[in-house]
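A short worksheet on the structure shown next.
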Amino acid sequence: MPTSSASTTDSARSAASGGVQSLERAFDLLERMADAGGEVGLSELSASSGLPLPTIHRLMRTLVACGYVRQQPNRRYALGPRLIRLGESASRLLGTWARPYLARLVEETGETANMALLDGDEIVYVAQVPSKHSMRMFTEVGRRVLPHSTGVGKALLSGFPPEEVRALLGRTGMPAATDRTITTPEGFLAALEDVRRQGYAIDDNEQEIGVRCLAVPVPDSPTAAAISISGPAGRVTEAATERIVPVLQQVAAELSEALTTPGTAPTA
């Protein structure tokens with residue numbers, strides 16, 4: 001029986017890595033499910049992966065038995081609840097891995113450094129290294145905020161299509177944290193255009209009066225992530241921005257490389 005091109009590629013990759021083909025295929029299917037919104041049919045998976053339906057059916061049956069996938073009443077397949085525990089543990093580790101990079105940001109910029117993820121419709125801070133200044137910003141790790149009033153929120157959403165951003169804002173609302181907070185979808189979408197053009201995001205007294213934040217996305221992160229520095233507006237000035245942004249972008253690129261290199265834990 002002829003071997004599909006996907007099967008041939010899988011075999012070559014598994015042989016080269018010394019890995020197990022069925023495991024590689026199973027994880028590939030889970031990622032394809034996530035990319036599709038978490039629920040798909042077998043025919044969709046077959047079309048996107050190039051694998052034959054009998055192969056996909058066997059893999060999905062195993063994933064269902066393990067609790068990583070569940071079959072819906074409509075016979076489509078959805079990501080299962082056991083993945084939640086894995087995701088939560090991985091998020092905590094992501095923050096741990098990021099700390100050396102954040103510490104370098106503090107050393108080079110003098111301001112508090114943060115890492116945040118997009119979790120559902122909210123921003124969650126997963127790591128922080130405080131500034132050594134006596135006057136410094138502090139955000140509790142685990143704190144959740146709405147994206148529209150934060151630099152990390154802008155950085156994270158700058159890579160999303162406008163219709164997805166509008167839908168998110170419709171679900172969360174856009175309450176004003178200060179009189180500088182952007183409170184309209186049009187204003188926020190315009191701010192995202194600035195982020196894409198400039199390569200960084202600014203929270204200029206929008207979350208808290210007297211505080212400015214500069215943020216950049218972490219390119220190609222396994223989950224949408226951003227790093228930032230925050231400090232008093234009197235220190236994070238326009239002149240300081242020109243000095244800090246290249247450091248942020250360099251550290252984000254190095255963290256991205258560490259996170260996307262198979263089999264290694266990030267070190268700085």
Side-chain angles (χ1 to χ4, degrees), residues 37-38 91 95 98 102 105 109 111-128 130-131 135-219 221 223-245 248-249 252:
S91 293
L102 300 184
L105 273 179
T109 68
E111 304 300 343
T112 295
N114 311 281
M115 182 177 189
L117 307 179
L118 183 64
D119 184 20
D121 290 343
E122 297 177 315
I123 299 299
V124 58
Y125 289 92
V126 296
Q128 180 179 85
S131 166
M135 181 181 292
R136 61 193 182 194
M137 302 302 105
F138 179 79
T139 297
E140 183 181 358
V141 172
R143 182 188 178 199
R144 291 175 174 272
V145 296
L146 297 181
H148 71 283
S149 60
T150 64
V152 285
K154 292 174 186 173
L156 286 165
L157 292 180
S158 64
F160 283 60
E163 60 272 16
E164 290 187 21
V165 176
R166 283 186 182 276
L168 183 151
L169 296 175
R171 293 189 298 269
T172 63
M174 302 183 70
T178 75
D179 60 3
R180 301 287 296 274
T181 306
I182 300 171
T183 56
T184 65
E186 290 72 21
F188 190 71
L189 289 170
L192 296 188
E193 282 293 334
D194 291 339
V195 175
R196 288 187 281 268
R197 176 174 51 81
Q198 298 171 160
Y200 67 95
I202 304 176
D203 159 12
D204 188 2
N205 296 269
E206 296 163 48
Q207 179 68 25
E208 185 177 346
I209 292 296
V211 177
R212 293 186 89 226
C213 171
L214 305 173
V216 298
V218 178
S221 174
T223 186
I227 58 174
S228 69
I229 64 91
S230 54
R235 286 204 307 259
V236 187
T237 60
E238 291 297 331
T241 297
E242 294 181 6
R243 172 179 60 84
I244 292 171
V245 166
L248 267 171
Q249 292 171 330

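The structure displayed is predicted, hence computed values, not measured ones.
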Note to self: Assess whether a salt bridge exists between R166 and E163, defined as any Lys/Arg side-chain N lying under 4.0 Å from an Asp/Glu carboxylate O.
What the structure shows: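 No.
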Note to self: Do the side chains of R143 and E122 get close enough for a salt bridge, i.e. N-O under 4.0 angstrom?
What the structure shows: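 Between E122 and R143 there is no salt bridge, as every charged N stays at least 4.0 Å from the carboxylate O atoms.
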Note to self: Does any part of the side chain of Y200, heavy atoms only, come nearer than 4.5 Å to the side chain of T241, both counted from C-beta?
What the structure shows: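 They are in side-chain contact.
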Under 3.5 Å, is there a donor-acceptor pair between the side chain of [X] and the main chain of [Y]?
X: H148; Y: P175; value: yes
X: T237; Y: A240; value: yes
X: S158; Y: L192; value: no
X: T178; Y: N205; value: yes

What is the distance from atom [atom1] of [X] to atom [atom2] of [Y], rounded to the nearest 0.5 Å?
X: E111; Y: R212; atom1: CD; atom2: CZ; result: 11.0 Å
X: D194; Y: L189; atom1: CG; atom2: CG; result: 11.5 Å
X: D203; Y: S230; atom1: CG; atom2: OG; result: 8.5 Å
X: L146; Y: D121; atom1: CG; atom2: CG; result: 9.0 Å
X: L118; Y: S221; atom1: CG; atom2: OG; result: 11.0 Å
X: L157; Y: L168; atom1: CG; atom2: CG; result: 6.0 Å

Check: So, T150 versus Q207: side-chain donor-acceptor pair below 3.5 Å or not?
Finding: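 No pair is found: no donor N or O on one side chain lies under 3.5 Å from an acceptor on the other.
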Notebook entry, point to check: How about S228 and N114: does a side-chain donor come under 3.5 Å of a side-chain acceptor?
Noted result: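 Result is yes, a qualifying pair exists.
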What closest approach, in Å, do [X] and [Y] show between heavy atoms, and which atom pair accounts for it?
X: V141; Y: V126; result: CG1-O, 3.5 Å
X: A191; Y: I182; result: CB-CD1, 3.8 Å
X: L105; Y: I229; result: CD1-CG2, 4.3 Å
X: A116; Y: Y125; result: CB-CD2, 4.0 Å
X: L117; Y: A225; result: CD2-CB, 3.5 Å
X: G199; Y: V216; result: O-CG1, 3.6 Å

Check: Given the rule in the side chain to side chain contact (heavy atoms under 4.5 Å, CB included) test, do Q198 and V245 qualify, once you have shown the distances and angles that lead to the verdict?
Finding: CA-CA 10 Å; Q198 298 171 160; V245 166; over 6 Å; no
Next item on the list: For the pair I123 and R144, evaluate side chain to side chain contact (heavy atoms under 4.5 Å, CB included) and give the outcome as yes or no after the intermediate values.
Entry: CA-CA 5 Å; I123 299 299; R144 291 175 174 272; over 6 Å; no
Next item on the list: Go through the steps to decide whether T184 and L169 satisfy the test side chain to side chain contact (heavy atoms under 4.5 Å, CB included), and finish with yes or no.
Entry: CA-CA 9 Å; T184 65; L169 296 175; over 6 Å; no
Next item on the list: Mind checking side chain to side chain contact (heavy atoms under 4.5 Å, CB included) for A155 and listing every partner two or more places apart, or none if nothing turns up?
Entry: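 Here the qualifying residues are A201, A215, P217, A226.
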